[in-house]
Amino acid sequence: ALLLAGSGWGWYLVQVAEASVSRTDAIPESGNSDVSGGDHAGEEMNLLLVGMDSRTGLTPEQQAEFSTGNPEGVLNTDSMMLVHIPADGSGASFVSLPRDTYVDIPGHGTARLNSAYSLGYTESQGSDAESDAAGAQLLVQTVSQFTGLQVDHFAEIDLLGFINLSSIVGGVEVNLCQATSDPLSGADFPAGVQTIGGADALKFVRQRHGLPNFDL
């Protein structure tokens, strides 16, 4: 009975995940290669995980509640992590890619890394889905060319998705060395250990004012 119940719950979660995920053709056919050779996929993998500033799906009331600011034209990928999963099954490696890194964006010259997706999206003349794919592909090409790695999988999450995900996992425990307050992001937390999820999690990760060295 426990096995059946566990299997049923697992199946349900998979269905919820499938229904919540939009798929796009994010991996380009060119401009995405590995200095170690292009036949590594399936044995070892590189994943590009992206946090998008998109306010899609947020109501005006939620935009005010979560202090997200102007919802128009926000396509910056301010959070980017490159994940390497070794072929031998050992622990994965995560590298954060600073958003303000100046890199060569194919066809657009030198610009900040977080603008690559937006440039690809706005350059596309197709549907929303085609524009999403164009933005993702240009970002993948940009990351591949400045890291020398082939990106095998791409996943992005927007602000509403982050709120939902942090809620589903029951929040994340953090330990603040001192209390913090930032009216611009809405972050207002006491010092010490606490579990933060949902709207508070979004406020927490978006805070950059009132911190030592701001973004850095």
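Because the structure is predicted, anything quoted here is derived from the model rather than measured.
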Approximate separation, where rounding is to 0.5 Å, of Gln207 CD and Ser185 OG: 5.0 Å
At what distance, to the nearest 0.5 angstrom, does OG of Ser115 lie from CG of Asp100? 10.0 Å
Residues Ala26 and Val140: closest non-hydrogen pair is O-CG2, 3.7 Å
Locate the shortest heavy-atom distance separating Ala116 from Thr142; write the atom from each residue and the value. CB-OG1, 3.8 Å
Mark yes or no for whether Ser144, through its side chain, and Leu149, through its backbone, hold a donor-acceptor pair below 3.5 Å. yes
Side-chain heavy atoms of Tyr121 within contact of Asp132, under 4.5 Å: yes
Flag side-chain contact, heavy atom, 4.5 Å: Leu119 against Leu139: no
Looking at Asn46, is its backbone amide N or carbonyl O close enough to the side chain of Asp152 to form a donor-acceptor pair, meaning the two atoms are under 3.5 Å apart? yes
Which heavy atom of Ala129 sits nearest to which heavy atom of Thr24, and what is that distance? O-OG1, 3.9 Å
Can you pull the ring-ring contact (aromatic ring centres under 6.0 Å, His included) pairs that have at least one residue in residues 131-190, sequence neighbours excluded? Phe189-Phe204
If only atom types and distance count, is the side chain of Asn32 paired as donor or acceptor with the main-chain N or O of Val151 below 3.5 Å? yes
If Ile, Leu, Val, Met, Phe, Trp and Tyr residues are connected whenever their side-chain heavy atoms lie under 4.5 Å apart, and connections chain through other members, are Val172 and Leu165 in the same group? no
When you measure from the side chain of Glu130 to the backbone of Ser127, do you find a donor-acceptor pair of N or O atoms at a distance under 3.5 Å? yes
Go through the steps to decide whether His108 and Leu138 satisfy the test side-chain contact (heavy atoms from CB on, under 4.5 Å), and finish with yes or no. CA-CA 10 Å; His108 297 274; Leu138 184 58; 3.8 Å; yes
Please examine the side chains of Leu159 and Ile163, heavy atoms only from C-beta on, and report whether any two atoms are closer than 4.5 Å. no
Counting only N and O atoms by type, is there a donor-acceptor contact under 3.5 Å from the side chain of Ser181 to the main-chain atoms of Asp188? no
Where the side chain of Thr77 meets the backbone of Gly51, is there a donor-acceptor pair that is under 3.5 Å apart? no
The test is side-chain contact (heavy atoms from CB on, under 4.5 Å); show your working for Leu49 and Ile157 and say whether it passes. CA-CA 8 Å; Leu49 308 182; Ile157 191 168; over 6 Å; no
Mind checking the CE-CD1 spacing from Met45 to Ile85? Nearest 0.5 Å is all I need. 4.0 Å
With a 3.5 Å distance limit and no angle check, can you tell me whether Gln141 reaches the backbone of Ser30 through a side-chain donor-acceptor pair? yes
What is the minimum heavy-atom distance between Ile105 and Ala111, and which atoms define it? CD1-CB, 3.7 Å
Nearest 0.5 Å please: distance from the CE atom of Met80 over to the CZ atom of Arg99. 9.0 Å
Quick one, Asp25 and Gln137 - any side-chain contact, counting heavy atoms below 4.5 Å? yes
Pro106 versus Gln145, closest heavy-atom pair with distance: CG-NE2, 3.5 Å
Regarding Glu173 and Asn175, do their side chains bring together a donor and an acceptor under 3.5 Å, going by distance alone? no
For Ser124 against Ser131, the heavy-atom pair lying closest together: OG-OG, 3.4 Å
Side chain of Asn114, backbone of Asp78: donor and acceptor closer than 3.5 Å? no
Can you tell me how far apart CG (Asp158) and CG (Asn164) are? Round to the nearest 0.5 Å. 8.5 Å
Roughly how far, to the nearest 0.5 Å, is the CG atom of Leu202 from the OG atom of Ser166? 8.0 Å
